[in-house]
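Quick caveat: nothing in here was measured; it's all calculated off a predicted structure. In listed order, ligands and their atoms are each counted from 1. Only this structure's heavy atoms are used, side chains among them; waters, hydrogens and symmetry mates stay out.
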Amino acid sequence: MPHLTMEYSGNIENEVDMQGLCVDVHRAILSSGLFETGAPRVRAFRADAWAIADLDRENSFIDMSFRIGVGRSAEERKRVGDMIFATARAGVHHLLARPYFALSLEIREIDPRLSWKENTMHARLRNTGAPAA
Ligand SMILES: O=C(O)C/C(=C\C=C(/O)C(=O)O)C(=O)O
């Protein structure tokens, strides 16, 4: 599964629609054309404790980690990373306008020798050609 995990400081939970951001990022992942419809899993986790930069309590962050299977070229990984980051930037433009916020993304490849998976959604979605909701 391509896993996109967002961690965010709890002081922005009322400033960002995290569920909406998850859906927007999910759409960006699928629109890259690099992943099957049944593959992406996007979720967000609130950090209840944090210490950022100069420790100003207004400081906040969203850090995204995207774990994907091997097989995509560096150009393809760069392309989908650019799409995800641009989507996230749009969702937090108001935070990026203030000097208290950090947004980040890292893509890592999953070692296929050390990865186990079973996904019942592929069989349902492969034959329908269903677009993402
Ligand atoms: O290969 C991987 O582990 C990640 C991946 C797809 C995985 C599934 O579709 C799955 O677990 O059902 C990928 O496309 O990068």
For [Y], is there an ion pair with [X] - N to carboxylate O distance below 4.0 angstrom?
X: Arg43; Y: Glu7; result: no
X: Arg77; Y: Glu109; result: yes
X: Glu106; Y: Arg108; result: yes

Neighbour count >12 (heavy atoms, 6.0 Å) for atom CZ, Arg89: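 Open.
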Test item: Ser31 side-chain N/O and Ala28 main-chain N/O as donor-acceptor pair under 3.5 Å: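 Flag set: sc Ser31 to bb Ala28 pair under 3.5 Å.
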Donor-acceptor contact present, side-chain Asn119 to main-chain Gly38, <3.5 Å: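 Here the side-chain-to-backbone pair exists.
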Atom indices of ligand 1, in the order listed, that fall short of 4.0 Å to a heavy atom of [X]:
X: Asn119; answer: 10 (C), 12 (O)
X: Ile110; answer: 3 (O)
X: Phe35; answer: 14 (O), 15 (O)
X: Ile68; answer: 15 (O)

Nitrogen or oxygen of Gly69 less than 3.5 angstrom from that of ligand 1: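 Gly69 vs ligand 1: N/O contact under 3.5 Å present.
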Heavy-atom nearest neighbour of atom 14 (O) of ligand 1 within options Arg72, Glu36, Arg41, Arg67: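 Minimum heavy-atom distance to atom 14 (O) of ligand 1 goes to Arg72.
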Heavy-atom nearest neighbour of atom 5 (C) of ligand 1 within options Gly38, Ala39, Pro2: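 Checking each option, the heavy atom nearest atom 5 (C) of ligand 1 is found in Pro2.
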Ligand 1 versus Met121: contacting region, heavy-atom distance under 4.0 Å: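 Within the 4.0 Å criterion, Met121 makes no contact with ligand 1.
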